[in-house]
Visitor: 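Okay, here's the structure, questions in a sec.
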Amino acid sequence: MDEKELSRLHKRIARRAPGEFHYPEIYGAGWNDLWIGDKVRFGREFLEAVRAGRLPGVEDTGRKKGGGRVYRWRGA
């Protein structure tokens, strides 16, 4: 995941109230139009970026619910 995409995602996350979320909520419009392979790849890249600390304030809860991994935004 490149820096431009990370910046876009972090801006979208920062506009949210603190709490839990799923990646598709952050990805935005067009998620449902993606091919399943792209969804899997993008989701994995997001998880790796979160675990590497590239999205400050976002953490992986280690849980899955409602069809996807749950992340937590701690707020700015």
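Everything numeric here is computed off the predicted structure, so don't read it as measured data.
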Visitor: Does a salt bridge link Glu59 with Arg51, judged by any charged N lying under 4.0 Å from a carboxylate O?
Guide: no
Visitor: Between Lys39 and Trp31, what is the shortest heavy-atom contact and its length?
Guide: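 That would be CE-O, 2.9 Å.
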Visitor: Tell me whether Arg63 is salt-bridged to Glu20, with the criterion being a basic N under 4.0 Å from an acidic carboxylate O.
Guide: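 Salt bridge between Arg63 and Glu20, a charged N being under 4.0 Å from a carboxylate O: yes.
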Visitor: First locate atom CZ of Arg74, then atom CD1 of Ile13, and finally report the distance between them rounded to the nearest 0.5 Å.
Guide: 11.5 Å
Visitor: At their closest point, which heavy atom of Arg8 faces which heavy atom of Ile26, and how far apart are they?
Guide: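 Heavy-atom minimum between the residues: NH1-O, 4.4 Å.
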Visitor: Determine, for Glu25 against Arg16, whether the closest basic-nitrogen to carboxylate-oxygen distance falls under 4.0 angstrom.
Guide: yes
Visitor: For Val70 and His22, which heavy atoms make the closest approach, and how far apart are they?
Guide: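 Heavy-atom minimum between the residues: CG2-NE2, 3.9 Å.
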Visitor: Minimum heavy-atom separation for Met1 to Phe46, with atom names?
Guide: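 Scanning both residues completely, I find the closest heavy atoms to be CE-N, 3.7 Å.
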Visitor: Which word best sums up how the rings of Tyr27 and Phe42 line up, parallel for under 30°, tilted for 30 to 60°, or perpendicular for over 60°?
Guide: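 Ring orientation, 0 to 90° scale: parallel.
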Visitor: Is there side-chain contact between Glu48 and Arg54, with at least one heavy-atom pair below 4.5 Å?
Guide: no
Visitor: Considering only heavy atoms from C-beta outward, does the side chain of Trp73 approach that of His10 to under 4.5 Å?
Guide: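 A side-chain contact exists here, since the closest heavy-atom pair is under 4.5 Å.
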Visitor: To the nearest 0.5 Å, tell me how far Leu6 CG sits from Glu45 CD.
Guide: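 If I round to the nearest 0.5 Å, the distance is 9.5 Å.
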Visitor: What are the two closest non-hydrogen atoms of Gly75 and Pro18, and how far apart are they?
Guide: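 Heavy-atom minimum between the residues: CA-CG, 3.9 Å.
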Visitor: Hey, what do you get for CZ (Arg72) to CZ (Phe21), rounding to the nearest 0.5 Å?
Guide: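 With rounding to 0.5 Å, CZ (Arg72) is 10.5 Å from CZ (Phe21).
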Visitor: What is the minimum heavy-atom distance between Asp60 and Leu47, and which atoms define it?
Guide: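 For Asp60 versus Leu47, the nearest heavy atoms are OD2-CD1, 3.5 Å.
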